[in-house]
Amino acid sequence: MDSLYPLGEKMNVTESAIQSQKVSKTLPETMDRDLSKLGNNLVTKIHVLMRISQIYDSKNVALHQFIKESLQTMNTLIKTEGSLSLKILRDDLFLNEQRLRYSVEGFTSFKYLLAQWKKRFIGEVLFKGPLDERVLREFIYTLIDLKEGQEENAALFMRHLIGCGISSIVVNPLETLEGEEGAMTLRKKDQREVAQKVFFETIGTIKEVITKIKGKQYADVRKLKRLAQKAVDLVMEDESILLGMATIKNYDEYTFNHSVNVSIYSLAIGRRLGFSRSTLTELVITALLHDIGKSKIPREILNKPGPLDAGEWGLMKKHPLMGAEIVLNLKELGEINPRMVIGIFDHHLKRNLSGYPQLFRKKEVSLFGRIIQIADSYDAMTTPRIYKKVPFTPEQALAIMLKERVFHFDSLLLKIFIGLIGIYPIGSLILLNTGELGVVYKPHPDPEWADRPQVILVERDGKGDSKKKVVDLTETGEDGHFRQGIVKTLDPRRYHVDIAKYFL
Ligand SMILES: [Fe+2]
Ligand SMILES: [Fe+2]
């Protein structure tokens with residue numbers, strides 16, 4: 001490891017990095033949760049308004065109610081924030097200079113708004129004061145009437161608004177930034193787009209399925225199957241894109257997000273095991289539905305902040321069995337391979353069968369069950385929960401799992417899993433010997449270089465926006481030495497780095 005600084009110097013590098021990162025504390029990457037919710041609501045409202053305005057003319061009464069609702073959302077934001085700027089930078093939306101993360105429900109609206117504004121070369125809309133119905137109508141219809149691909153649209157828009165006596169809205173053109181592509185090729189960008197779509201659509205679909213089952217209604221799981229096939233296609237091409245998505249740990253949508261993450265990890269393990277496409281699809285569906293039995297457990301127990309009492313635990317321990325029963329009754333899944341049902345039944349059994357459900361006769365935990373168990377434990381440990389708000393870092397979680405492997409996990413599968421996410425797992429925040437911070441993006445395909453993954457540098461421009469520059473830690477300089485090396489992993493919360501953002 002001659003590329004790393006000697007220990008004494010390492011300390012200094014660490015210190016100076018910590019010093020320099022202190023500056024970043026004034027530029028947090030995460031937005032206040034309430035503002036984020038209002039922001040998502042706002043984007044959805046604008047999306048619907050743009051859609052409706054393409055169907056009805058501006059005098060239509062059907063529009064009236066929706067405009068009123070939208071005004072309420074917008075004016076609440078304008079009043080609390082003073083003014084309201086919605087701005088596009090690259091593929092992100094910024095609300096008053098802070099990046100808006102999309103919620104599961106908001107995803108389609110985000111994509112719509114970004115695409116429609118970009119086509120019209122609109123980069124920013126600033127609402128300087130509260131709006132009324134006339135102003136909002138005028139704004140939406142003028143926006144929709146702009147010709148696509150016309151660079152002077154923002155100026156035309158402004159002229160029109162002024163002509164109508166509206167001075168509370170400012171429209172700015174789209175900013176194009178140099179080096180937008182960074183180190184990513186166009187093809188990679190396309191794949192990431194598809195991966196994002198599959199990821200969010202799957203979360204939405206699993207949510208729908210769980211809600212339907214809870215309400216004893218018909219649940220259409222065919223869509224889930226189609227999405228599973230798409231995920232398999234994606235992973236066959238490049239496993240790291242979806243693995244990156246699994247670093248998005250959504251606290252509000254735990255159950256759904258968790259199911260999708262577990263399916264991504266399981267899928268990646270299955271691929272390493274050389275499973276066929278059809279087996280992989282079955283594995284994904286099994287992983288997506290592994291906790292479906294929890295739909296029969298009351299919310300209060302699932303979200304209980306404190307420890308469960310004996311009765312509650314007893315019920316909780318039934319979720320694998322209830323899950324297996326539910327899946328057996330999902331006719332739309334078509335022919336169900338028994339290993340799917342068994343995988344769900346098995347996923348908490350543990351290697352020494354010390355888990356649950358309790359068995360009358362000893363048996364081996366099934367392969368699907370063993371895979372899902374690893375994926376499940378890792379995701380649960382690395383996600384904040386109501387009863388454990390500070391989760392383990394990827395590195396800590398793997399260390400715990402390694403310690404428990406003799407009793408709980410399949411050692412070989414765990415080894416594959418660690419090889420998959422690397423000794424520096426995807427999504428870890430790391431300190432480089434150059435003093436820079438980075439987010440692990442993709443492990444090196446050769447296990448010999450496991451300590452030299454590809455890393456996205458944590459760099460921000462003047463606006464606090466990350467630059468997403470990917471560096472390969474196996475690259476050497478003119479002197480033949482490695483340009484950069486990892487000193488240690490850091491806790492992203494301490495440095496206010498929003499890891500998920502680097503994968504969106
Ligand atoms: Fe479970
Ligand atoms: Fe689970």
Side-chain angles (χ1 to χ4, degrees), residues 199 202-203 205-207 209-211 213-214 224 228 231 245-270 283-299 301-304 307-308 312-328 330 339-351 353-359 365-388 391-392 394 397-398 400-401 404 408-410 413-414 417 421:
F199 180 79
T202 312
I203 294 181
T205 311
I206 192 79
K207 186 174 180 176
V209 168
I210 291 175
T211 314
I213 288 175
K214 229 181 185 145
L224 218 52
M245 301 263 114
T247 59
I248 305 166
K249 310 282 185 189
N250 192 331
Y251 176 81
D252 296 327
E253 301 274 356
Y254 176 75
T255 316
F256 320 116
N257 205 155
H258 169 69
S259 308
V260 176
N261 291 349
V262 171
S263 72
I264 292 174
Y265 294 130
S266 302
L267 171 56
I269 298 174
L283 177 61
V284 173
I285 298 170
T286 314
L288 281 172
L289 299 173
H290 79 279
D291 272 339
I292 194 92
K294 286 190 180 170
S295 58
K296 301 264 186 232
I297 297 175
R299 224 170 223 273
I301 300 181
L302 291 177
N303 296 333
K304 193 176 171 182
L308 300 180
E312 290 164 341
W313 235 132
L315 190 60
M316 194 66 149
K317 281 179 173 176
K318 282 191 182 146
H319 84 264
L321 179 62
M322 295 193 287
E325 278 169 2
I326 292 171
V327 170
L328 277 172
L330 284 176
R339 65 180 161 208
M340 296 169 73
V341 184
I342 298 170
I344 293 174
F345 176 80
D346 267 358
H347 81 274
H348 285 290
L349 208 46
K350 295 191 177 159
R351 189 179 177 186
L353 307 182
S354 65
Y356 54 89
Q358 244 188 346
L359 301 178
V365 181
S366 71
L367 183 54
F368 273 22
R370 278 177 279 156
I371 294 173
I372 292 170
Q373 198 194 350
I374 290 176
D376 185 33
S377 304
Y378 179 77
D379 186 63
M381 274 196 263
T382 51
T383 309
R385 305 291 297 276
I386 192 135
Y387 44 83
K388 191 176 186 308
F392 293 112
L398 287 185
I400 293 170
M401 288 170 74
E404 292 178 351
H408 295 176
F409 303 105
D410 180 320
L413 289 180
L414 187 59
F417 184 63
I421 44 181

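Atom set for the values below is all heavy atoms of this structure, side chains included, hydrogens, waters and symmetry mates excluded. Order of listing sets the numbers, starting from 1, for every ligand and every atom in it.
Side-chain atoms of Asp291 never come within 3.5 Å of backbone atoms of Lys294 as a donor-acceptor pair (strictly under, hydrogens ignored). At least one donor-acceptor pair under 3.5 Å links the side chain of Asp346 to the backbone N or O of Ser366. At distances below 3.5 Å, at least one donor-acceptor pair connects side-chain atoms of Gln373 with backbone N or O atoms of His408. Under the 3.5 Å distance criterion, the side-chain polar atoms of His258 are left unmatched by any main-chain donor or acceptor of Thr255.
Protein N/O/S atoms found under 2.8 Å from the Fe ion (ligand 1): Asp291 OD1, His319 NE2, His347 NE2, His348 NE2.
His348 is linked by a ring pair (Phe, Tyr, Trp, His ring centres under 6.0 Å) to His319, Tyr356, counting only residues two or more places apart in sequence or in another chain.
Atom CG of Leu302 sits about 5.5 Å away from atom CD1 of Ile297, to the nearest 0.5 Å.
Counting just the N/O/S atoms of His258, the one with the shortest distance to the Fe ion (ligand 2) is named NE2.
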